[in-house]
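Heads up: numbering here begins at 1 and tracks the sequence.
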Amino acid sequence: MGYRELTRQEKTAIRKLVVQWCANYDRDTGCLPLDCGCYMLGKIWTGPMCRYFRQAVLPLDPALEQALAQEDVVLERRVCPLCGRSFVPKRRQLYCSSVCQAEANRRKSRARMRNKRAKDGFRCYDLSPQNPCK
């Protein structure tokens, strides 16, 4: 079972739900049945949760419930720098398709040659007497 660290938004949402809706939570003593601090307020990883929180409080926030129920690894998504589409990369893939990759290579080659020509300066290849190079 792969646990992951909770995001800041998930921790904030859990804290708000516990403080506002949990019947077992008391601001002064924490968890009333356990007579100690609330376990859910200090939670930083997904995984085991307070049974009452999971069954009675968590269903009040369906988005958070779904985010905490995911046990599989969340795939990294990238945005193609050329067309802006979102895709799941394979290894170190930068572009969403071979078409975008070819277009990006073409643009890079043109920019590289443009910089090379600008750095080398103007060269005259026509050495006829009517058109002397200066």
Side-chain angles (χ1 to χ4, degrees):
M1 207 174 257
Y3 299 134
R4 64 172 176 81
E5 191 170 355
L6 293 172
T7 63
R8 176 173 283 183
Q9 291 83 13
E10 290 169 342
K11 290 177 190 176
T12 304
I14 288 172
R15 179 174 292 278
K16 284 181 182 177
L17 284 174
V18 167
V19 171
Q20 188 174 10
W21 295 105
C22 185
N24 290 336
Y25 176 74
D26 181 43
R27 199 174 295 270
D28 298 327
T29 58
C31 185
L32 294 174
L34 297 177
D35 197 25
C36 65
C38 179
Y39 169 73
M40 294 305 295
L41 294 180
K43 189 152 181 62
I44 57 173
W45 295 93
T46 59
M49 289 184 240
C50 171
R51 191 175 344 152
Y52 179 79
F53 178 82
R54 187 173 7 99
Q55 293 173 353
V57 181
L58 192 56
L60 296 173
D61 189 348
L64 179 64
E65 184 177 21
Q66 184 199 14
L68 295 179
Q70 291 178 348
E71 292 183 2
D72 56 347
V73 177
V74 178
L75 297 175
E76 175 191 2
R77 298 193 63 79
R78 291 188 189 164
V79 176
C80 179
L82 203 63
C83 66
R85 281 189 290 190
S86 178
F87 67 99
V88 177
K90 296 176 187 157
R91 295 190 205 116
R92 293 170 44 185
Q93 181 181 357
L94 296 177
Y95 302 98
C96 64
S97 66
S98 59
V99 174
C100 284
Q101 184 178 9
E103 176 65 20
N105 286 339
R106 186 178 72 81
R107 289 182 184 182
K108 285 180 186 177
S109 294
R110 290 181 74 191
R112 184 179 64 248
M113 291 305 293
R114 194 177 307 118
N115 289 339
K116 182 179 183 235
R117 289 185 198 110
K119 186 177 99 177
D120 291 345
F122 176 75
R123 293 192 181 172
C124 181
Y125 294 105
D126 184 17
L127 300 177
S128 64
Q130 295 88 1
N131 192 10
C133 291
K134 298 178 183 176

Quiz item: With hydrophobic residues grouped by side-chain heavy-atom distances under 4.5 Å, do Met40 and Leu34 end up in a single group?
Solution: no
Self-check item: Set of residues satisfying side chain to side chain donor-acceptor pair (under 3.5 Å) with respect to Glu103, sequence neighbours excluded
Solution: Arg106, Arg107
Exercise. Find the distance between CZ (Arg112) and CZ (Arg117) and round it off to the nearest 0.5 Å.
Key: 10.5 Å
Under 3.5 Å, sequence neighbours excluded: what are the donor-acceptor pairs made by side chains of residues 78-92?
unit_1 : atom_1 : unit_2 : atom_2 : d
Arg78  : NE     : Glu76  : OE2    : 3.3
Arg78  : NH1    : Gln93  : O      : 2.5
Ser86  : OG     : Arg77  : NE     : 3.2
Ser86  : OG     : Arg77  : NH2    : 3.4

Self-check item: Heavy atoms of other groups near Asn115 CG, more than 12 under 6.0 Å
Solution: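 Counting other residues, nucleotides and ligands, CG of Asn115 exceeds 12 neighbours.
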Practice problem: Tell me, yes or no, whether the heavy-atom count around Gln66 atom CD, taken from other residues, nucleotides or ligands under 6.0 Å, exceeds 12. | Solution: no
Practice problem: Walk me through it: do Met49 and Leu68 pass the test side chain to side chain contact (heavy atoms under 4.5 Å, CB included)? | Solution: CA-CA 10 Å; Met49 289 184 240; Leu68 295 179; 4.0 Å; yes
Throw together a table of side-chain donor-acceptor distances under 3.5 angstrom for residues 12-33, partners on residues two or more places apart or in other chains.
unit_1 : atom_1 : unit_2 : atom_2 : d
Thr12  : OG1    : Arg8   : O      : 2.9
Arg15  : NH2    : Leu41  : O      : 3.3
Asp26  : OD2    : Thr29  : N      : 3.4
Asp26  : OD2    : Thr29  : OG1    : 3.2

